[in-house]
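Take a look at the structure set out below.
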Amino acid sequence: METFAPSSSSLSTRRALGPGHSLPVNSWGGGGSVSVLGFARKNLAFPSLSRRPRHANGVARASVVVEKETQEARTAFLVIGTRGSPLALAQAYETRDKLKAGHPELAEEGAIEIKIIKTTGDKILSQPLADIGGKGLFTKEIDEALINGDIDIAVHSMKDVPTYLPDKTILPCNLQREDVRDAFISTSAGSLAKLPAGSIVGTASLRRKSQILNRYPSLQVQENFRGNVQTRLKKLSEGVVQATLLALAGLKRLNMTENVTSILSIDDMLPAVAQGAIGIACRSDDEKMANYLATLNHEETRLAVSCERAFLETLDGSCRTPIAGYASKDEDGNCIFRGLVASPDGTRVLETSRKGPYTYEDMVLMGKDAGKELLSRAGPGFFDS
């Protein structure tokens, strides 16, 4: 276990988004702009011809010329759709910056807009995710905006993306994966093992809950410990719980690792499927956006995520199901996959592993085969306890 030294700014709830970025959302730098879904894109920068005053034929003809030039300028205009949390925005900024770095036309002032879209999962915070619909809660409204043409690409945390994609959309791009491990954060103990019996650990994840209770049955878990990173750290500092677990990837993207007490190894806490990976979707008929995204794709990450999602799909996993899976490349260039299913109370945990070539076809087959094995071993009623 890797341990972080305490910091004077521990449990900071500042809303940092990374170097040079901070809330509020009306003060982004770098040429991108942020708007709330509902404002038509054409009303922001491209007034329609019908709104132009037409006092004389010459003015009307000039208006047509201006409109034509405006239409041509739109070829480099790209709208990124994202949730509005600090972490989601940090991921949208990472995407924007990579696009600007690789494509000079997108580096121009106003060429990229970031549009915030509120999802069902953002609106309902009082109930566990499983009780309000499980997967898709943080993607549905963004997918709808993509299909309707309100945005050009959608930036998602891959672990929020259902194993099925909506019609008319594709997800051809994964950015390079961040650290997949979970971080332990506490004001009173250095690790899960050092928490006194009866201590309460806050997590909204059944995957984390089941693995915690399997290893440390004397601990308690507060299940509906929801909210963004800053909200959960605030609850911890107020003593609502004695500890929490957060994805280390998110803390790194937010430049908030000073809050980390220690890092759990993969052996101690197998991560969620696709944890630490960012996925970017576009419309299936939008060749231009697909070409942009192809330049950002990190193929090693895409293959690992495909393996893990094949495992999840085979198990028909949702937020009601404690499932973990992780694919990585070993020193010989092979894929090593580890998968886990657990009963919600943590009394039973089943694990399996696979090794094979690091190719798309082989890795998807490994994920599916591992899923079938665990389904067979679990038997009926396993996830009902």
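Side chains are part of it too, since the values below use all heavy atoms of this structure and drop only hydrogens, waters and symmetry mates. The structure presented is a predicted model; accordingly, all values stated were derived computationally and were not measured.
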Quiz item: Hey, are the side chains of Lys209 and Pro322 touching, using non-hydrogen atoms and a 4.5 Å cut-off?
Solution: no
Practice problem: Decide, yes or no, whether a salt bridge links Arg338 with Asp267 under the criterion of side-chain N to carboxylate O below 4.0 Å. | Solution: yes
Quiz item: Do other residues, nucleotides or ligands put more than 12 heavy atoms under 6.0 Å from Asp167 CG?
Solution: no
Quiz item: Could you give the distance from OG1 (Thr257) to CG (Asn255), rounded to the nearest 0.5 Å?
Solution: 7.0 Å
Self-check item: Partner set under ring-ring contact (aromatic ring centres under 6.0 Å, His included) for Phe337, not counting sequence neighbours
Solution: Phe311
Exercise. Apply salt bridge (Lys or Arg N to Asp or Glu O under 4.0 Å) to Arg309 and list each qualifying residue two or more places apart in sequence or on a separate chain.
Key: none
Exercise. Apply salt bridge (Lys or Arg N to Asp or Glu O under 4.0 Å) to Lys168 and list each qualifying residue two or more places apart in sequence or on a separate chain.
Key: none
Exercise. List in chain and number order the residues that pass side-chain hydrogen bond (donor to acceptor under 3.5 Å, both in side chains) with Lys235, two or more places apart in sequence or in another chain; answer none if no residue qualifies.
Key: none
Quiz item: Sub-3.5 Å donor-acceptor pair from the side chain of Gln220 to the main-chain atoms of Gly198, do we have one?
Solution: yes
Exercise. Check whether Val273 and Val180 end up in the same hydrophobic cluster, where Ile, Leu, Val, Met, Phe, Trp and Tyr are linked by side-chain heavy atoms less than 4.5 Å apart.
Key: no
Self-check item: Non-hydrogen side-chain atoms of Leu251 and Met256 separated by less than 4.5 Å
Solution: yes
Quiz item: side chain to side chain contact (heavy atoms under 4.5 Å, CB included) between Tyr216 and Val201: does it pass, once the steps are laid out?
Solution: CA-CA 11 Å; Tyr216 308 102; Val201 181; over 6 Å; no
Practice problem: For Asp369, enumerate each residue passing the side chain to side chain contact (heavy atoms under 4.5 Å, CB included) test, keeping only those at least two apart in sequence or located in another chain. | Solution: Arg354
Exercise. Evaluate the side-chain proximity of Tyr360 to Arg302: yes if any heavy-atom separation is below 4.5 Å, no if none is.
Key: yes
Practice problem: Quick one: do Cys335 and Asp362 satisfy side chain to side chain contact (heavy atoms under 4.5 Å, CB included)? Show the steps, please. | Solution: CA-CA 9 Å; Cys335 173; Asp362 288 294; over 6 Å; no
Exercise. Determine the minimum heavy-atom distance between Glu351 and Val349, stating which atoms define it.
Key: CG-CG1, 4.1 Å
Self-check item: Verdict with reasoning, Ile212 to Met269, per side chain to side chain contact (heavy atoms under 4.5 Å, CB included)
Solution: CA-CA 8 Å; Ile212 290 169; Met269 181 66 63; 3.9 Å; yes
Practice problem: Would you confirm whether Ser262, through its side chain, and Ser191, through its main-chain N or O, come within 3.5 Å as a donor-acceptor pair? | Solution: no
Quiz prompt | Salt-bridge contact Glu300-Lys329 (side-chain N to carboxylate O under 4.0 Å) | solution = yes
Exercise. State yes or no: do Ile336 and Ile323 share one hydrophobic cluster built from I, L, V, M, F, W and Y residues joined by side-chain heavy-atom distances below 4.5 Å, directly or via other members?
Key: no
Quiz prompt | Under 3.5 Å: donor-acceptor pair, side chain of Asp179, backbone of Arg181 | solution = yes
Exercise. First locate atom NE2 of His156, then atom CD of Gln91, and finally report the distance between them rounded to the nearest 0.5 Å.
Key: 11.0 Å
Practice problem: State whether the side chain of Ser343 and the backbone N or O of Arg348 hold a donor-acceptor pair below 3.5 Å, judged by distance alone. | Solution: yes
Exercise. Only counting residues at least two apart or in another chain, list the ones meeting side-chain hydrogen bond (donor to acceptor under 3.5 Å, both in side chains) with Asn174.
Key: none
Exercise. Spell out, as yes or no, whether a donor-acceptor pair under 3.5 Å connects the side chain of Ser205 to the backbone of Arg207.
Key: yes
Quiz item: Going only through I, L, V, M, F, W and Y residues with side-chain contacts under 4.5 Å, is there a path from Tyr326 to Leu206?
Solution: no
Quiz item: Going through the distances and angles, do Leu296 and Leu175 end up as a side chain to side chain contact (heavy atoms under 4.5 Å, CB included)?
Solution: CA-CA 6 Å; Leu296 303 189; Leu175 301 187; 3.9 Å; yes
Self-check item: Heavy-atom closest pair, residues Gly81 and Ile151
Solution: CA-CD1, 3.7 Å
Exercise. For Pro271 and Ile266, work out which heavy atoms get closest and say how close.
Key: CD-CD1, 3.9 Å
Quiz item: Which heavy atom in Leu270 sits nearest to a heavy atom in Gly325, and how many Å separate them?
Solution: CD2-N, 4.2 Å
Practice problem: Taking all heavy atoms of Leu236 and all of Phe225, pick out the closest pair and write down the distance. | Solution: N-CZ, 4.4 Å
Quiz prompt | For Lys372, all residues meeting side chain to side chain contact (heavy atoms under 4.5 Å, CB included), sequence neighbours excluded | solution = Thr314
Quiz item: Any side-chain heavy-atom pair from Pro86 and Val229 closer than 4.5 angstrom?
Solution: no
Quiz item: Out of Asn228, Thr139, Asp160, which residue meets the side-chain contact (heavy atoms from CB on, under 4.5 Å) rule with Arg83?
Solution: Asp160
Quiz item: Quick one: does Leu303's side chain get under 4.5 Å of Thr359's, heavy atoms only?
Solution: no
Quiz item: What's the spacing between Thr95 OG1 and Lys98 NZ if we round to 0.5 Å?
Solution: 8.5 Å
Exercise. Drop me the distance from Ser237's OG to Asn259's CG, to the nearest 0.5 angstrom.
Key: 10.0 Å
Quiz item: Between Asn214 and Ser210, is there a donor-acceptor pair closer than 3.5 Å when you use the side chain of the first and the backbone of the second?
Solution: no
Quiz item: Counting only N and O atoms by type, is there a donor-acceptor contact under 3.5 Å from the side chain of Arg208 to the main-chain atoms of Ala272?
Solution: no
Self-check item: Sub-4.5 Å side-chain heavy-atom contact between Ile153 and Leu99
Solution: yes
Exercise. Please name the pair of heavy atoms, one in Ala327 and one in Arg177, separated by the smallest distance, quoted to 0.1 Å.
Key: O-NH1, 3.9 Å
Quiz item: Which residues satisfy the side-chain hydrogen bond (donor to acceptor under 3.5 Å, both in side chains) test with Thr295, sequence neighbours excluded?
Solution: His103
Quiz item: If we only count heavy atoms from C-beta on, is the Arg96 to Leu106 side-chain gap below 4.5 Å?
Solution: no
Show the atom names and distances, to 0.1 Å, of all donor-acceptor pairs under 3.5 Å that link a side chain in residues 238-247 to residues at least two apart or in another chain.
| unit_1 | atom_1 | unit_2 | atom_2 | d |
| --- | --- | --- | --- | --- |
| Glu238 | OE2 | Lys234 | NZ | 2.6 |
| Gln242 | OE1 | Ile200 | N | 2.8 |
| Thr244 | OG1 | Gly202 | O | 2.7 |

Quiz item: Among all residues two or more places apart in sequence or in another chain, which pass the side-chain hydrogen bond (donor to acceptor under 3.5 Å, both in side chains) test with Gln211?
Solution: none
Self-check item: Under the side chain to side chain contact (heavy atoms under 4.5 Å, CB included) test, residues paired with Thr82 that sit two or more places apart
Solution: Ala88, Leu89, Ala92, Ile114
Quiz item: Would Val305 and Leu340 show up in the same hydrophobic cluster when neighbours are defined by side-chain heavy atoms closer than 4.5 Å?
Solution: no
Self-check item: pair Phe184-Leu195: side-chain heavy atoms closer than 4.5 Å
Solution: yes
Practice problem: Sequence neighbours left out, what passes side chain to side chain contact (heavy atoms under 4.5 Å, CB included) with Asp286? Give chain and number order. | Solution: Arg283, Lys288, Met289
Quiz item: What is the distance from atom CG of Leu350 to atom CZ of Phe382, rounded to the nearest 0.5 Å?
Solution: 4.0 Å
Exercise. Report yes or no: do Leu312 and Val341 belong to one cluster of Ile/Leu/Val/Met/Phe/Trp/Tyr joined by side chain heavy-atom distances under 4.5 Å?
Key: yes
Quiz item: Are any of the side-chain nitrogens in Lys115 or Asp150 under 4.0 Å away from the carboxylate oxygens of its partner?
Solution: no
